[in-house]
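Reviewing the structure listed below.
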2 protein chains.
Amino acid sequence: MNPQILEQPSTRELEVFLQAHLGKKKFVQIAGTCEVVYVGRAASLTEAGDYVVMVKADGSIQVHGAKGVKPINWQPRTDDVRVARDEDDRLMLLAERFKPNELVQVTFRKVSMAFSLELRDEKMFQLHGSEAQMHEALAQNPDTIEPGLRVLERELLVGVGGIDLYAMDNLGRYVIVEVKRAKATQEAVHQLERYVNAVREQVPGEVRGILAAPSISNPARVVLEKLGLEFCELNALPEEKKPEPQMALF
Amino acid sequence: MNPQILEQPSTRELEVFLQAHLGKKKFVQIAGTCEVVYVGRAASLTEAGDYVVMVKADGSIQVHGAKGVKPINWQPRTDDVRVARDEDDRLMLLAERFKPNELVQVTFRKVSMAFSLELRDEKMFQLHGSEAQMHEALAQNPDTIEPGLRVLERELLVGVGGIDLYAMDNLGRYVIVEVKRAKATQEAVHQLERYVNAVREQVPGEVRGILAAPSISNPARVVLEKLGLEFCELNALPEEKKPEPQMALF
DNA sequence: CGTTTAATCTCGACT
DNA sequence: AGTCGAGGTTAAACG
């Protein structure tokens with residue numbers, strides 16, 4: 001990874017360092033006291049404080065404060081990252097994006113350390129338990145939702161969005177299933193409602209709507225029942241196996 | 001900020017370093033080759049690769065890869081952060097949360113640098129142009145939406161959620177206004193639709209629904225018109241002033 | 001505490 | 001390129 005580290009650099013040292021390492025597909029980080037300004041989709045500014053500024057190889061930049069996962073300021077993908085001096089000769093880091101037009105500007109007052117390193121691109125990443133995987137599991141085991149259910153389509157597009165599971169019950173009624181990986185909210189109920197209404201306009205006969213989720217909020221259940229829709233509690237999916245963190249990985 | 005830096009530490013050195021600095025309300029960061037496992041609301045694992053691990057004073061932890069603003073793995077708030085050894089005597093960083101039960105486990109193979117520093121808590125942060133500020137601006141200048149509009153309520157709670165602006169037009173008809181700070185999508189249209197429907201059930205007479213946003217996507221406009229709802233293009237709010245980034249801040 | 005919603009959401013997928 | 005929807009969303013506001 002070949003790290004290069006600066007401690008308590010002068011403004012000039014930091015300037016040379018950043019010009020040498022920015023835009024070189026490197027991971028660059030600066031910790032120090034600075035001000036941050038963002039102008040773009042909104043606008044924000046921070047009083048001078050201690051922050052950690054991170055610039056990744058793809059040009060994304062994030063300014064982290066003392067707390068929280070979310071950065072104080074950030075820019076997901078920049079078209080230009082450069083250093084400049086302000087009118088008081090302080091060093092600034094400018095991260096600009098053209099579309100939409102956005103600018104993050106970090107002005108350094110005192111830098112306690114800076115470093116750069118080569119960060120090889122990440123390797124394979126596996127995620128289990130996503131909503132897409134739940135769809136697949138349920139499509140293959142529709143009995144989990146209701147005995148006798150037959151899946152006709154997955155991700156069926158009606159005008160108003162995509163139906164997670166389009167099925168038929170053992171009485172020949174169409175069944176719309178909306179799947180949520182976490183506790184279902186009112187929003188999920190209304191999403192299901194829209195799908196059911198859209199299908200009812202297109203096919204004759206009774207159309208059922210089932211919201212399948214591990215749990216449901218109380219207000220959501222009230223709305224659900226008022227709309228004549230159904231809830232299916234998903235306990236644990238059959239093929240789900242959580243990896244043991246202590247074991248060898250590969 | 002008093003940074004302490006380790007370069008190419010041995011496993012033992014790193015272990016001592018982490019035990020000394022974790023849980024001390026410090027900002028701790030480790031860069032190196034490692035594996036990451038997450039088990040909790042879902043499950044994920046990464047092949048061994050180069051990552052930067054960040055532990056903040058509030059116990060939040062994030063593992064950053066070479067690209068993107070989003071961490072590869074993270075934990076917003078931890079109840080316990082500790083170091084341990086695995087069966088191969090490699091050092092592990094364990095970040096656990098109890099409710100919901102989640103665990104992020106980082107196993108270090110080779111660490112190129114580690115450092116800690118005191119990061120004073122962030123100072124004041126100002127954001128301009130949020131949706132809440134747009135609500136306020138529109139509530140004070142309802143003519144921006146439509147001449148003669150009178151605002152009755154802000155953030156009125158109907159059973160189904162919160163109405164941004166509840167108003168009456170100059171013909172005495174109730175008007176529901178849904179505000180979006182960015183381009184409006186189908187989702188915003190449906191949100192407005194259910195507010196309008198909820199109000200229509202509760203009051204007699206005509207109820208209009210207006211979606212106020214700087215722009216609207218084509219599919220959203222189609223749905224909007226099919227539902228008999230209206231769109232109001234917000235150009236620029238009167239009191240909005242974007243700060244000049246190059247100017248002195250305070 | 002649970003519930004809801006904004007977010008400079010980010011990010012990927014699909015049309 | 002535009003639109004849409006998931007996300008281990010996070011985080012704040014509100015009842």
Side-chain angles (χ1 to χ4, degrees), chain A residues 36-45 58 60-63 67-77 95 97 99-104 125 127-135 155 157 160-162 164 179-188 191 215-222 242, chain B residues 37-44 58 60 62 67-77 97 99-104 125 127-135 155 157 160-164 178-191 215-223 242:
Chain A
V36 188
V37 179
Y38 161 77
V39 187
R41 287 166 287 180
S44 77
L45 60 84
D58 64 345
S60 65
I61 171 175
Q62 41 197 309
V63 182
K67 303 191 308 190
V69 168
K70 251 182 80 173
I72 301 286
N73 280 87
W74 68 92
Q75 194 84 257
R77 212 179 57 245
R97 176 146 80 144
K99 191 168 182 305
N101 201 295
E102 295 182 292
L103 174 69
V104 171
F125 176 77
L127 176 64
H128 306 270
S130 66
E131 193 164 305
Q133 288 191 342
M134 289 181 66
H135 293 182
E155 295 296 335
L157 291 178
V160 65
D164 288 346
V179 181
K180 286 297 166 200
R181 66 171 307 287
K183 179 181 279 198
T185 65
Q186 288 193 44
E187 198 49 45
Q191 201 175 340
S215 62
I216 182 169
S217 77
N218 270 326
R221 184 182 282 279
V222 171
K242 291 184 176 181
Chain B
V37 179
Y38 160 76
V39 187
R41 285 167 288 177
S44 76
D58 64 345
S60 65
Q62 41 197 310
K67 303 191 306 189
V69 167
K70 246 183 86 172
I72 301 287
N73 274 289
W74 68 92
Q75 195 85 262
R77 176 189 140 257
R97 174 146 81 147
K99 187 173 183 298
N101 201 294
E102 296 181 291
L103 176 69
V104 170
F125 176 76
L127 176 64
H128 306 272
S130 66
E131 194 164 305
Q133 289 192 341
M134 289 182 67
H135 292 182
E155 295 295 336
L157 291 177
V160 64
I163 293 177
D164 288 347
E178 174 67 25
V179 181
K180 286 297 164 199
R181 65 172 306 286
K183 180 180 278 198
T185 67
Q186 286 194 41
E187 204 49 45
V189 177
H190 289 297
Q191 201 175 343
S215 62
I216 183 169
S217 77
N218 270 326
R221 184 181 284 277
V222 170
V223 179
K242 291 186 174 180

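Within every chain, numbering begins at 1; the chains are lettered A, B, ... in the order of the sequence lines, protein sequences first and strands thereafter. All values below come from the heavy atoms of this structure, side chains included, with hydrogens, waters and symmetry mates left out.
When distances are taken from the side chain of Glu102(B) to each of dT3(D), dG8(D), dT4(C), the shortest belongs to dG8(D). Closest to the Gln186(B) side chain, of the nucleotides dG8(D), dC4(D), dT8(C), is dC4(D). Set against dG8(D), dG5(D), dT3(D), the side chain of Glu187(B) has dG5(D) as its closest nucleotide. With dA6(D), dG8(D), dT3(D) as the choices, the nucleotide that has an atom nearest any side-chain atom of Val104(B) turns out to be dG8(D).
Rounding to the nearest 0.5 Å gives a distance of 13.5 Å between NZ of Lys70(B) and CH2 of Trp74(A). Atoms OG and NZ, on Ser60(B) and Lys67(A) in that order, are 10.0 Å from each other to the nearest 0.5 Å. Within the model, atoms CD1 of Ile216(A) and NZ of Lys180(A) stand 12.0 Å from one another, a figure rounded to the nearest 0.5 Å. Atoms NZ and OG, on Lys183(A) and Ser217(A) in that order, are 6.5 Å from each other to the nearest 0.5 Å. Here the CD atom belonging to Glu178(B) is positioned 4.0 Å from the CD atom belonging to Gln191(B), to the nearest 0.5 angstrom.
Asn73(A) contributes no side-chain N or O that, together with a main-chain N or O of Val36(A), makes up a donor-acceptor pair within less than 3.5 Å.
Taking 4.5 Å as the limit, some side-chain heavy atom of Arg41(A) sits within range of a side-chain heavy atom of Arg181(B). For the pair Asp164(B) and Glu155(B), the minimum side-chain heavy-atom distance is below 4.5 Å. Residues Ser44(A) and Phe125(B) have side chains in contact (heavy-atom distance under 4.5 Å, counting atoms from C-beta outward).
DNA chain D contains the following stems of three or more consecutive Watson-Crick or G-U pairs, with both distances under 3.5 Å: C:1-7 with D:9-15, C:9-15 with D:1-7.
Look at CZ on Arg221(B): it is 13 Å from P on dC4(D), rounded to the nearest Å. Rounded to an integer number of Å, the gap from Arg181(A) CZ to dA6(D) P is 12 Å. One can place CD1 of Ile72(B) at 17 Å from P of dT9(D), the figure rounded to the nearest angstrom. Met134(B) has its CE atom 18 Å from the P atom of dT5(C), to the nearest Å. When rounded to the nearest whole Å, the span between CG of Asn218(B) and P of dA1(D) equals 17 Å. A straight line from CD of Gln133(B) to C1' of dA13(D) spans 15 Å, rounded to a whole angstrom. Between the CD atom of Glu155(B) and the P atom of dT5(C) there is a distance of 10 Å, given to the nearest Å. In this entry the distance linking CG of Leu127(B) with P of dC9(C) reads 10 Å, nearest Å.
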Please tabulate, one pair per line, each protein N/O and nucleotide N/O from nucleotides 10-13 of chain C that are separated by under 3.5 Å, including the distance.
from: dT10(C); atom 1: OP1; to: Arg41(A); atom 2: NH2; distance (Å): 3.3
from: dT10(C); atom 1: OP1; to: Trp74(A); atom 2: NE1; distance (Å): 2.7
from: dT10(C); atom 1: OP2; to: Arg41(A); atom 2: NH1; distance (Å): 3.1
from: dC11(C); atom 1: OP1; to: Val69(B); atom 2: N; distance (Å): 2.8
from: dC11(C); atom 1: OP1; to: Lys70(B); atom 2: N; distance (Å): 3.2

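Judged by distance alone, with hydrogens and angles left aside, Asn73(A) brings a side-chain donor or acceptor within reach of the base of dT8(C), the pair sitting under 3.5 Å.
With C1' as the reference atom, dC14(C) and dG8(D) are 24 Å apart, rounded to whole Å.
Each of Asp164(B) and Ala182(B) was matched to the nucleotide of DNA chain C holding its nearest heavy atom; the match closer to the 5' end belongs to Asp164(B). Nucleotides of DNA chain C nearest to Ala132(B) and Thr185(A) differ in position, and the one nearer the 5' end is that of Thr185(A).
For Lys99(A), a side-chain nitrogen or oxygen approaches OP1 or OP2 of dG2(D) to under 4.0 Å. Between dT3(C) and Lys183(A), a contact under 4.0 Å exists linking OP1 or OP2 to a side-chain N or O. Ser217(B) has a side-chain polar atom (N or O) that falls below the 4.0 Å cut-off from OP1 or OP2 of dC4(D). Look at Gln191(B) and you'll find a side-chain N or O under 4.0 angstrom from OP1 or OP2 of dA6(C).
No more than 12 heavy atoms of other residues, nucleotides or ligands sit less than 6.0 Å from atom CZ of Arg77(A).
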